[in-house]
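Notes follow once the structure below has been shown.
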Amino acid sequence: MALLSMENVSFSYDQKIEAVKNVSLSVEEGEYVAIIGHNGSGKSTLAKLFNGLCRPDEGTVTVDGFSGENKKSLFEMRKRVGVVFQNPDNQLVASIVEDDVAFGPENLGIKREEIGERIDFALSSVGMLEFKKSSPTRLSGGQKQRIAIAGVLAVKPKVLVLDESTAMLDPKGRKEVLSVVEKLNSEQNVTVINITHYMDEVVRADKVYVINDGEIVLSGTPKEIFAKKEQLNAFGLELPLASIVAQKLKEAGVKLSDGILTEQELAEELCALKHKI
């Protein structure tokens, strides 16, 4: 059974704007899933549906066997799915880093001794333990977002949802956050759902869902998804930068393989060609 699933889920705001239409998807434990779509496609609504911030008008959202049909089940869903939103400044609630990370466990009624252990665990996981006594206001955007992730990790969720969590960061901050997330996924088996408009973040995923006007229109591995350039363009999406560069080089006569997605893959092929000359 999937750790998180949606079955025929629809949701409308104020009974007028149908943001999600008959969506079905599944996420297995330990997977790294990417969800992409143009602005207004319904990505952020999915994030809120995953942990019960929004309740479906139709269909079922199930997390680890809980479907949110009553308050107890909804509470269990929210313990298991942590969401990190776009603006880190909107997620920090305390004037000291350790107090901010403690906020979630305190609201769950965790014992004080265990909260201390969770603070250290969460901050160590995101490489921010040395900033435990610091003020979040003195940190960079990337560091703040890592603290926001630590606040979610302190609750010990099974699923970490990133809702455009790198959108407001500079390249260095993005790299910091993505490195932390990938480490959590690979070393701690945290299930990750990365909702993003950065195509280079998508190539890391095990599975990709493309949402357009509230509907899932494509799903598959990154290679399968990015092989459908025309369809992606129709949905307002582009290929990763490395794929675009590779395509231009091929058009100029450079003999490269199909399906190049990353800078590393492109560099390796170009180096191999150089050695053949």
Just wondering, are more than 12 heavy atoms of other shown residues or ligands nearer than 6.0 Å to [atom1] in [X]?
{"X": "Asn39", "atom1": "CG", "value": "no"}
{"X": "Glu106", "atom1": "CD", "value": "yes"}
{"X": "Phe121", "atom1": "CZ", "value": "yes"}

Applying side-chain contact (heavy atoms from CB on, under 4.5 Å), can you list everything that pairs with Asp170, at least two apart in sequence or on another chain?
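Result, side-chain contact (heavy atoms from CB on, under 4.5 Å) vs Asp170: Lys172.
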
Under the side-chain contact (heavy atoms from CB on, under 4.5 Å) test, residues paired with Leu241 that sit two or more places apart
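Leu241: side-chain contact (heavy atoms from CB on, under 4.5 Å) contacts with Val245.
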
Is any side-chain N of the basic residue among [X] and [Y] closer than 4.0 Å to the acidic one's carboxylate O?
{"X": "Asp213", "Y": "Lys21", "answer": "no"}
{"X": "Lys158", "Y": "Glu29", "answer": "no"}
{"X": "Lys79", "Y": "Glu76", "answer": "yes"}
{"X": "Arg174", "Y": "Glu201", "answer": "yes"}

Please answer: with hydrophobic residues joined when any side-chain heavy atoms are less than 4.5 Å apart, are [X] and [Y] in the same cluster?
{"X": "Phe66", "Y": "Val81", "result": "yes"}
{"X": "Val181", "Y": "Val83", "result": "no"}
{"X": "Leu53", "Y": "Val152", "result": "no"}
{"X": "Leu4", "Y": "Val192", "result": "no"}
{"X": "Ile96", "Y": "Leu139", "result": "no"}

Quick one: does [X]'s side chain have a donor or acceptor within less than 3.5 Å of a partner on [Y]'s backbone?
{"X": "Asp99", "Y": "Ala94", "value": "no"}
{"X": "Asp206", "Y": "Val33", "value": "no"}
{"X": "Asn8", "Y": "Asn22", "value": "no"}
{"X": "Thr262", "Y": "Glu265", "value": "yes"}
{"X": "Lys207", "Y": "Ser26", "value": "yes"}
{"X": "Ser41", "Y": "Asn212", "value": "no"}
{"X": "Asn185", "Y": "Val190", "value": "yes"}
{"X": "Arg80", "Y": "Pro157", "value": "no"}
{"X": "Ser179", "Y": "Lys175", "value": "no"}

Side chain to side chain, [X] and [Y], heavy atoms closer than 4.5 Å:
{"X": "Val202", "Y": "Asn194", "answer": "no"}
{"X": "Leu3", "Y": "Glu28", "answer": "no"}
{"X": "Glu268", "Y": "Cys271", "answer": "no"}
{"X": "Leu261", "Y": "Leu239", "answer": "no"}
{"X": "Val84", "Y": "Asp163", "answer": "no"}
{"X": "Tyr209", "Y": "Ile36", "answer": "no"}
{"X": "Ser125", "Y": "Val180", "answer": "no"}
{"X": "Leu46", "Y": "Met6", "answer": "yes"}

Atom pair [atom1] ([X]) and [atom2] ([Y]), whose distance is rounded to the nearest 0.5 Å:
{"X": "Ser140", "Y": "Gln143", "atom1": "OG", "atom2": "CD", "result": "3.5 Å"}
{"X": "Ser134", "Y": "Glu98", "atom1": "OG", "atom2": "CD", "result": "10.0 Å"}
{"X": "Glu114", "Y": "Leu108", "atom1": "CD", "atom2": "CG", "result": "10.0 Å"}
{"X": "Leu232", "Y": "Ser243", "atom1": "CG", "atom2": "OG", "result": "10.5 Å"}
{"X": "Glu164", "Y": "Ile35", "atom1": "CD", "atom2": "CD1", "result": "11.0 Å"}
{"X": "Cys54", "Y": "Tyr13", "atom1": "SG", "atom2": "OH", "result": "4.5 Å"}

Looking at [X] and [Y], what are the two nearest heavy atoms and their distance?
{"X": "Val126", "Y": "Ala150", "value": "CG2-CB, 3.9 Å"}
{"X": "Gly214", "Y": "Val23", "value": "O-CG2, 3.4 Å"}
{"X": "Ala154", "Y": "Pro105", "value": "O-CG, 3.5 Å"}
{"X": "Ile119", "Y": "Ala102", "value": "CD1-CB, 3.7 Å"}
{"X": "Ser95", "Y": "Pro136", "value": "O-CD, 3.3 Å"}
{"X": "Gly37", "Y": "Leu237", "value": "C-CD2, 3.8 Å"}

Exercise for review: Check step by step if side chain to side chain contact (heavy atoms under 4.5 Å, CB included) holds for Asp89 and Lys144.
Suggested key: CA-CA 7 Å; Asp89 289 318; Lys144 288 178 183 178; 2.8 Å; yes

Establish, for the pair Arg55 and Phe11, whether the NZ or CZ atom is under 6.0 angstrom from the six-membered ring centre and no further than 45 degrees off its axis.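 No.
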
| message | For Thr60 and Thr62: C-alpha separation, side-chain torsions, deciding distance, then whether side-chain hydrogen bond (donor to acceptor under 3.5 Å, both in side chains) applies. | response | CA-CA 6 Å; Thr60 306; Thr62 303; 5.7 Å; no

**OP:** Dump the intermediate steps for side chain to side chain contact (heavy atoms under 4.5 Å, CB included) on Leu249 and Leu270, then the final yes or no.
**Re:** CA-CA 10 Å; Leu249 289 172; Leu270 290 174; 4.1 Å; yes

Practice task
Please report the C-alpha distance between Asp100 and Gln91 in whole Å, then the side-chain angles of each, then the deciding distance to 0.1 Å, and finally whether the side chain to side chain contact (heavy atoms under 4.5 Å, CB included) criterion is met.
Solution key: CA-CA 9 Å; Asp100 197 275; Gln91 301 167 88; over 6 Å; no

Notebook entry, point to check: Step by step, would you call Ser165 with Gln145 a side-chain hydrogen bond (donor to acceptor under 3.5 Å, both in side chains)?
Noted result: CA-CA 8 Å; Ser165 301; Gln145 199 63 293; 4.5 Å; no

- Val27/Phe50 under side chain to side chain contact (heavy atoms under 4.5 Å, CB included): CA gap, chis, key distance, verdict: CA-CA 11 Å; Val27 179; Phe50 286 146; 5.9 Å; no

**Report entry** Test side-chain hydrogen bond (donor to acceptor under 3.5 Å, both in side chains) applied to Glu269 and Ser257, step by step
**Finding:** CA-CA 8 Å; Glu269 291 227 3; Ser257 302; 2.7 Å; yes

Margin query: Go through it in stages, so that I can follow the logic: the residues are Gln188 and Lys183, the test is side-chain hydrogen bond (donor to acceptor under 3.5 Å, both in side chains), and I'd like the CA-CA distance, side-chain angles, deciding distance and then a yes or no.
Written below: CA-CA 7 Å; Gln188 298 187 27; Lys183 188 175 181 181; over 6 Å; no

